[in-house]
Number of protein chains: 2
Amino acid sequence: MARRGEAQVRLTRGRVLEAACALADEDGLASLTMRSLAASLGVEAMSLYHHVAGKQAVLDGLVDLVMAEIERAVAEADGPEPERDWKTAMRVRVLTAREVMLRHPWAPGLIESRGEASFSIVRYLDGVVGLMVRGGFSYGLAHRALHALESRALGFSQEMFRPGGDDDGGSLEAVADQVPNLAAMVAAAVHDQPDTRLGWCDDQAEFEFALDLILDGLDRLRGRE
Amino acid sequence: MARRGEAQVRLTRGRVLEAACALADEDGLASLTMRSLAASLGVEAMSLYHHVAGKQAVLDGLVDLVMAEIERAVAEADGPEPERDWKTAMRVRVLTAREVMLRHPWAPGLIESRGEASFSIVRYLDGVVGLMVRGGFSYGLAHRALHALESRALGFSQEMFRPGGDDDGGSLEAVADQVPNLAAMVAAAVHDQPDTRLGWCDDQAEFEFALDLILDGLDRLRGRE
DNA sequence: TCGGGGATCCTTACTTTGTACGGTAGCTTC
DNA sequence: GAAGCTACCGTACAAAGTAAGGATCCCCGA
């Protein structure tokens with residue numbers, strides 16, 4: 001048997017989590033099993049249990065990993081001071097978080113599925129609230145703003161249609177008579193902006209539109225409550 | 001063995017799905033296994049496979065069941081004609097959907113987790129688009145509105161904090177020094193509205209606030225694009 | 001130098017869950 | 001009344017998480 005010592009480095013909680021992240025990035029979160037994770041580290045499944053408490057702990061660790069990456073990116077990004085322009089500061093922060101989320105497409109689903117928000121998320125939201133308060137929000141409005149932003153504060157939005165792989169709305173045509181309004185909408189969208197990036201609508205553009213809609217709405221309320 | 005014929009009614013796809021819904025309502029979606037579902041019907045697990053294709057099909061059926069309940073509720077609710085007052089019409093529609101979702105707390109998570117939107121959801125969204133178009137929206141703006149509303153169009157919002165059972169923010173106090181802004185926000189929220197319904201903040205009020213924020217924003221854009 | 005102890009990793013096996021496969025009972029149809 | 005179809009059952013297998021204990025290696029003190 002291949003004992004440790006050859007090219008084999010020691011296992012660490014950190015190495016386990018990084019391997020898990022790499023595995024999820026490549027093959028999706030579904031293919032992340034304790035066995036596959038162990039195999040990717042050249043180790044047996046049960047060996048992982050000396051470094052993480054269980055699969056739950058691995059998933060929690062993954063969330064922490066992503067949130068740490070976001071915190072790092074946010075720290076490097078240079079938006080304006082919130083006191084001067086909270087809206088742009090928030091916009092930069094959210095879009096920075098979004099870039100990280102786009103690198104880890106499994107992260108939104110993982111965060112959603114987890115019931116309790118992990119501490120790393122709570123800490124991130126604390127930063128968001130801090131930004132708004134520095135920008136002139138009352139705590140009450142900041143609270144409502146968090147609810148209004150929902151997962152957008154974390155840089156992702158809940159896609160109700162995840163475009164179905166290869167057809168991208170083509171399946172809608174098959175049932176156009178049953179969903180006439182949607183069919184017309186899709187037709188119009190394709191006509192208006194024929195070169196969208198991600199199927200029949202551009203997620204990034206839509207994300208920013210919705211984000212700005214909410215930020216503008218909040219800005220109108222700020223100061224006059 | 002208890003052959004069918006005693007008090008035992010015949011199994012149907014419909015009865016299977018209703019039993020699944022009841023089980024999920026009572027004990028949560030996690031406790032819905034093919035075996036527990038079969039047991040609740042007085043039947044063995046493999047018998048279900050003559051009426052549903054598999055567990056996936058059961059889950060899809062549950063989504064359809066909830067969406068049908070929403071369609072029924074929406075049909076009965078009487079909002080204004082969209083041509084006269086689209087905003088109120090939409091508000092009534094969404095809040096009606098929300099009532100159904102509150103009866104089936106597992107439904108949001110189930111809908112989120114499913115990658116592809118099932119046809120019943122697509123059809124519901126078609127109705128939403130139809131409402132907006134009748135209210136004077138271009139298809140382009142209706143499209144963006146769908147993105148902005150996100151899951152709110154279906155009556156739920158993604159709770160990033162699901163209040164953790166018994167403490168309800170009490171756990172925040174333990175780490176108040178690490179999340180000072182959130183801690184202050186919670187303190188202010190408790191002070192402002194001491195009688196909230198669902199923990200430290202009132203989901204219904206927040207949901208309506210965010211919904212109105214978005215609807216107002218959309219209303220401003222409607223007609224002047 | 002050497003032996004003990006703890007950390008690390010492996011082996012085996014159990015549990016839960018979904019489901020494939022084939023068997024059996026009862027109804028339907030000719 | 002026989003054939004066959006349908007609904008249901010029993011058995012069993014695979015995947016995945018993980019409990020329990022054994023084996024190996026490294027470090028440290030004597």
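Throughout, protein chains are lettered first and strands after them, A, B, ... in sequence-line order, and every chain is numbered starting at 1. Bear in mind that the values here come from a model prediction, so they are computed numbers and not experimental data.
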Between P on D:dG17 and CD on A:Q56, what's the gap in Å once rounded to a whole number?
11 Å
For C:dC10, take OP1 and OP2 only and decide whether either is under 4.0 Å from a side-chain N or O of A:S47.
yes
Taking the six-membered ring of B:F207 (Phe, Tyr or Trp), confirm whether the NZ or CZ of B:R98 is under 6.0 Å from its centre and within 45° of its axis.
yes
Find the distance B:R10:CZ to D:dT6:C1' and express it as a whole number of Å.
7 Å
Considering only heavy atoms from C-beta outward, does the side chain of B:H51 approach that of B:R15 to under 4.5 Å?
no
Roughly, in whole Å, what's the span from CG in B:L48 to P in C:dA20?
13 Å
Given C:dC10, is OP1 or OP2 found less than 4.0 Å from the side-chain N or O atoms of A:H50?
no
Between OH of B:Y49 and P of D:dT6 the distance, given in whole Å, is 20 Å
Look at the side chain of A:K55 and decide which nucleotide, out of D:dC9, C:dG18, D:dT18, has an atom nearest to it.
D:dT18
Distance check needed: C:dT15 P versus A:M34 CE, whole Å only.
20 Å
Would you mind reading off the distance between B:R35 atom CZ and C:dT15 atom P, rounded to a whole angstrom?
13 Å
Whole-Å distance, B:L29 CG to C:dT17 P, equals 13 Å
Counting side-chain heavy atoms from CB outward, which of C:dG18, C:dC9, D:dC8 is closest to B:H51?
D:dC8
Heavy-atom nearest pair, B:V52 first then B:A57, reads CB-CB, 4.4 Å
Nearest heavy atom decides the nucleotide; on that basis, is B:L32 or A:M46 closer to the 5' end of DNA chain C?
A:M46
Contact list for residues 100-123 of chain A, test ring pair (Phe, Tyr, Trp, His ring centres under 6.0 Å), sequence neighbours left out:
A:H104-A:W106
Rounded distance (Å) that lies between atom P of C:dA25 and atom CG of B:L11
20 Å
Are the side chains of A:S118 and A:V63 in contact, using a 4.5 Å heavy-atom criterion?
yes
Ranking B:A45 and A:A45 by the position along DNA chain D of their nearest nucleotide, the one closer to 5' is B:A45
Return the nearest nucleotide to the side chain of B:V43; candidates are D:dG17, D:dC9, C:dG18.
D:dC9
